[in-house]
Enquirer: 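I am attaching a structure below and will ask some questions about it afterwards.
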Amino acid sequence: MNELNPQQQLAVAHVEGPLLVLAGAGSGKTRVVTQRIAHLIDLGILPSDILAVTFTNKAAEEMRARIRSVKNVQVLTCTFHSLGARILRESIQSLGYQPNFAIYDEEDSEKLLKSCLDELQLSSQKGLLKEVRSAISTAKNNLQDPQSLAEKLIREAFSLYQGKLKEYNAVDFDDLLYLPVKLLQNNESVKELYQNRWLFLLIDEYQDTNLAQYTLAKILADKHHNLFAVGDPDQSIYSWRGARYQNILNFERDFPGAKVITLEQNYRSTNHILHAANALIEHNPNRYKKNLWSSLGDGDKIGLFIAQSERHEAEFVSQKILQHVAEQKFPYDQIAIFYRTNAQSRPFEDALLARKIPYIMIGGQSFYARREIKDLLAYLRLLVSSSDVIAFLRTINLPKRGLGPATLDKLIESAAQQNTPILTYCENPDVQLSTRQQQGLREYVQLIRHLRTRISTLKLHELLAELITGSHYIDFLKEDPETFQDRKENIDELIGKAAEWEEDHENPTLQAFLEELSLRTSTDAKANIPSVKLMTLHNSKGLEFPLVFLVGLEEDLLPHINAKDSEEKIEEERRLCYVGMTRARKILYLTLAMHRFIWGISRSMTRSRFIKELPSQHLLSLTQRPHNVQPSQHTQFTENATTAPLSAGTQVLHQQFGSGTILRCFESSFGLAYEVRFPDSETTRTLVAKFAKLRPIS
DNA sequence: TGTCTTTAGATTTTT
DNA sequence: TCTAAAGACA
């Protein structure tokens with residue numbers, strides 16, 4: 001207690017009633033939360049009476065570990081989505097689903113929705129799928145039923161989609177919030193059950209709750225009113241997922257008698273960093289004012305570097321990393337690189353790899369999103385549930401069993417008509433099938449039936465191995481020799497992970513394994529060696545690093561081009577930048593590139609407006625004078641540019657690529673550009689006229 | 001039904 | 001630039 005400031009002490013000592021902690025960046029939120037739970041336990045409250053809800057799995061794991069290290073007790077800490085899954089596993093039957101329901105990820109639910117649009121004969125309209133998908137997601141996050149929607153097309157697609165989910169005994173991500181709320185709203189006894197199960201509720205990142213999450217929290221806390229919410233409106237960055245930072249501003253209205261505590265002392269960053277970040281966020285007009293201060297001294301100014309290209313930017317960052325490691329003995333794992341979009345990671349990976357700097361990407365393409373992994377998991381899903389049509393479709397032709405789209409349509413339709421789970425139906429189908437098809441289907445069903453008998457006797461990884469042998473999946477992978485080795489390694493890794501998971505869990509059921517995987521992003525932060533962390537700004541929330549590189553500070557990237565149509569979205573981009581800056585403890589670099597390849601074409605970029613919003617006294621320019629700059633491709637070639645226009649069909653000679661034919665001329669952001677086919681190397685390249693020095697062959 | 005070729009869309013962010 | 005779906009054709 002003595003090590004806490006007065007506001008923190010107040011928050012830690014709070015026991016009953018609603019409390020909102022407005023916790024500015026770096027204000028010691030995590031400590032307050034863990035100390036407060038420790039305090040509750042000291043008062044004799046049972047750990048099982050406490051529920052802590054966080055925004056990410058990672059945050060949940062961290063909180064669980066912290067509580068265990070302080071008090072050596074198990075407190076339930078989970079994300080909203082896993083809380084939803086937990087409630088549904090126990091109580092979904094009153095909504096007419098079976099408890100062994102599957103959880104569909106984005107890919108699965110998109111496939112299902114597509115089949116719905118096909119059925120409504122709407123799939124020809126391009127772009128519609130995405131539009132309907134996002135409309136359904138928004139509706140669920142706002143707790144709207146299909147019938148309540150205004151637009152007929154969306155209403156029908158939503159109805160059909162939701163009906164099929166139920167028929168297939170599956171829920172999508174949004175259902176993990178939407179269905180529990182419906183359940184609690186419509187069923188008094190279920191509501192009581194959960195209201196009495198958790199007497200003390202803690203919600204982290206409250207500014208990022210959407211209506212469904214907010215409602216879930218409100219209902220759960222409605223009996224005992226012991227809701228401890230923590231958040232910071234300046235760090236609300238998920239409005240595109242339906243988050244309403246207004247929830248945090250309305251807390252006192254929504255929870256009568258609520259207390260509010262503001263934490264303004266920052267224990268993380270030195271003052272150049274903190275003041276610059278404060279100045280940035282001040283540019284958001286509609287903001288609940290607060291003033292973060294720090295007693296950690298001025299520290300270093302923020303380094304600003306303007307690179308010629310994204311490669312140059314990555315070179316700079318990796319060089320600086322080596323320099324700091326050598327001079328100040330920063331371990332690699334105290335260093336992070338943040339970017340706006342996942343696509344920006346590539347050049348950094350290349351540069352780090354080239355200098356043998358160990359790194360880990362957080363987020364991005366998940367291990368579990370790989371095709372071969374999802375294939376095997378789909379097989380496993382069928383062991384748990386016979387109704388999972390999407391998993392059936394995914395696996396039925398792995399390897400090929402001669403069942404094409406037409407036949408599968410018939411099977412699925414027949415099964416639906418007879419109200420029979422697809423797998424059960426396939427044991428005895430009454431659809432015309434060729435001998436080959438009959439045999440293929442029989443083998444498939446028998447494989448699954450056989451594996452089911454082994455679930456209770458085999459270990460998880462043994463079951464997986466038997467599945468792989470039994471289905472001849474390896475033979476299927478061999479059909480593509482180019483990717484075979486990679487995919488084989490991934491499968492071995494999956495088997496390893498399954499074995500490991502089994503060791504770590506007391507009751508390692510197949511269903512629990514699948515559920516955890518479908519709710520987990522890729523953040524397997526088990527790094528054996530200290531590594532530099534690469535992640536999106538969204539993923540950086542809640543973390544801190546002594547040395548931070550915030551890269552790609554360019555207009556159209558940060559703020560992102562898609563945010564430019566409204567001031568509110570720009571404000572959210574600004575908060576995103578603020579979140580990134582406030583992760584830095586000691587040293588912060590901001591970088592940008594003058595030119596960047598986007599969709600294969602080089603574009604000129606301009607510096608982000610957010611840089612201009614930072615007071616110059618906190619910045620130190622690190623950009624080399626032009627004469628020191630290694631000539632980039634662009635400057636080098638501009639010197640002796642030849643720009644005489646050439647027309648399509650002209651034979652041309654290129655210094656490096658040899659002779660070729662111009663296929664097409666068009667305007668790029670550098671002016672006239674050509675698409676040229678080079679027969680020697682069998683490649684087609686896009687070349688900018690003024691850089692590429694093409695000579696016509698006469 | 002299976003295979004090869006063409007084309008469109010993706011790159012905003014995540015559970 | 002890359003991938004997956006659609007389309008063409010055997």
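Quick note: numbers below take in every heavy atom, side chains included, and nothing from hydrogens, waters or symmetry partners.
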Enquirer: Which sits closer to the 5' end of DNA chain B, A:N397 or A:S518, going by the nucleotide each is nearest to?
Expert: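 This one resolves to A:N397.
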
Enquirer: Scan A:T79, A:L202, A:I203 and name whichever one has a side-chain contact (heavy atoms from CB on, under 4.5 Å) with A:V53.
Expert: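 Exactly one pass, corresponding to A:I203.
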
Enquirer: What is the separation between atom CD on A:E106 and atom C1' on B:dT12, rounded to the nearest whole Å?
Expert: 13 Å

Enquirer: Please list each protein N or O that sits under 3.5 Å from an N or O in nucleotides 6-9 of chain C, with the distance.
Expert:
| residue | atom | partner | partner atom | Å |
| --- | --- | --- | --- | --- |
| C:dA6 | OP1 | A:K114 | NZ | 3.1 |

Enquirer: By nearest heavy atom, map A:Q437 and A:K569 onto DNA chain B; which one lands nearer the 5' end?
Expert: A:Q437

Enquirer: Does OP1 or OP2 of B:dT14 have a side-chain N or O of A:N342 closer than 4.0 Å?
Expert: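 The answer is yes; a side-chain N or O of A:N342 sits under 4.0 Å from OP1 or OP2.
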
Enquirer: With a 4.0 Å cutoff (strictly under), does any side-chain N or O of A:T536 reach OP1 or OP2 of B:dT14?
Expert: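 Yes, because at least one side-chain N or O of A:T536 sits under 4.0 Å from OP1 or OP2 of B:dT14.
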
Enquirer: Roughly how far apart are A:L543 CG and A:E62 CD, rounded to 0.5 Å?
Expert: 7.0 Å

Enquirer: Would A:H560 pass as stacked on B:dT12, i.e. its ring centre under 5.5 Å from the base's six-membered ring centre and planes under 30° apart?
Expert: yes

Enquirer: Tell me the interatomic distance from A:L576, atom CG, to B:dT12, atom C1', rounded to whole angstroms.
Expert: 9 Å

Enquirer: Could you give the CG-to-P distance, from A:N562 to B:dA10, as a whole number of Å?
Expert: 10 Å

Enquirer: Would A:W240 count as stacking on B:dT13 if stacking means ring centres less than 5.5 angstrom apart and planes tilted under 30 degrees?
Expert: yes

Enquirer: Quick one: A:D172 CG to B:dT14 C1', roughly how many Å, whole number?
Expert: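 My rounded result for the distance is 14 Å.
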
Enquirer: For the residue pair A:Y238 and A:W240, does the interplanar ring angle fall in the parallel (under 30°), tilted (30 to 60°) or perpendicular (over 60°) class?
Expert: tilted

Enquirer: CE of A:M535 versus P of B:dT13: gap in Å, rounded?
Expert: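 Going from CE in A:M535 over to P in B:dT13 covers 15 Å.
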
Enquirer: Once you round it to whole Å, what is the distance between C1' of B:dT14 and CG of A:L177?
Expert: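 Taking atom C1' of B:dT14 as the reference, CG of A:L177 is at 12 Å.
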
Enquirer: It should be established whether A:T56 places a side-chain nitrogen or oxygen under 4.0 Å from OP1 or OP2 of nucleotide B:dT14.
Expert: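 Looking at the OP1 and OP2 atoms of B:dT14, neither is under 4.0 Å from any side-chain N or O of A:T56.
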
Enquirer: Please check if any side-chain donor atom of A:D105 sits under 3.5 Å from a side-chain acceptor atom of A:S518, or the reverse.
Expert: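 A:D105 vs A:S518: no donor-acceptor pair found between side chains.
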
Enquirer: Nearest to the A:K130 side chain among B:dT11, B:dA10, B:dT13, which nucleotide is it?
Expert: B:dA10

Enquirer: Taking CD from A:E110 and P from B:dG9, how many angstroms apart are they, rounded to a whole number?
Expert: 13 Å

Enquirer: Output the rounded distance in Å from CD1 (A:I598) to C1' (C:dT1).
Expert: 13 Å

Enquirer: Does a donor on one side chain sit under 3.5 Å from an acceptor on the other, for A:Y578 and A:Q235?
Expert: no

Enquirer: When all nucleic acid strands are considered with a 4.0 Å heavy-atom cut-off, which category describes A:F80: base, sugar-phosphate, or nothing?
Expert: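 No contact.
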
Enquirer: Taking the six-membered ring of A:F55 as reference, does the cationic atom of A:K541 (NZ for Lys, CZ for Arg) lie under 6.0 Å from its centre and within 45° of its axis?
Expert: yes

Enquirer: Compare every heavy atom of A:P559 with every heavy atom of A:I570, then report the nearest pair and how far apart it is.
Expert: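 Here A:I570 and A:P559 meet closest at CD1-CB, 3.8 Å.
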
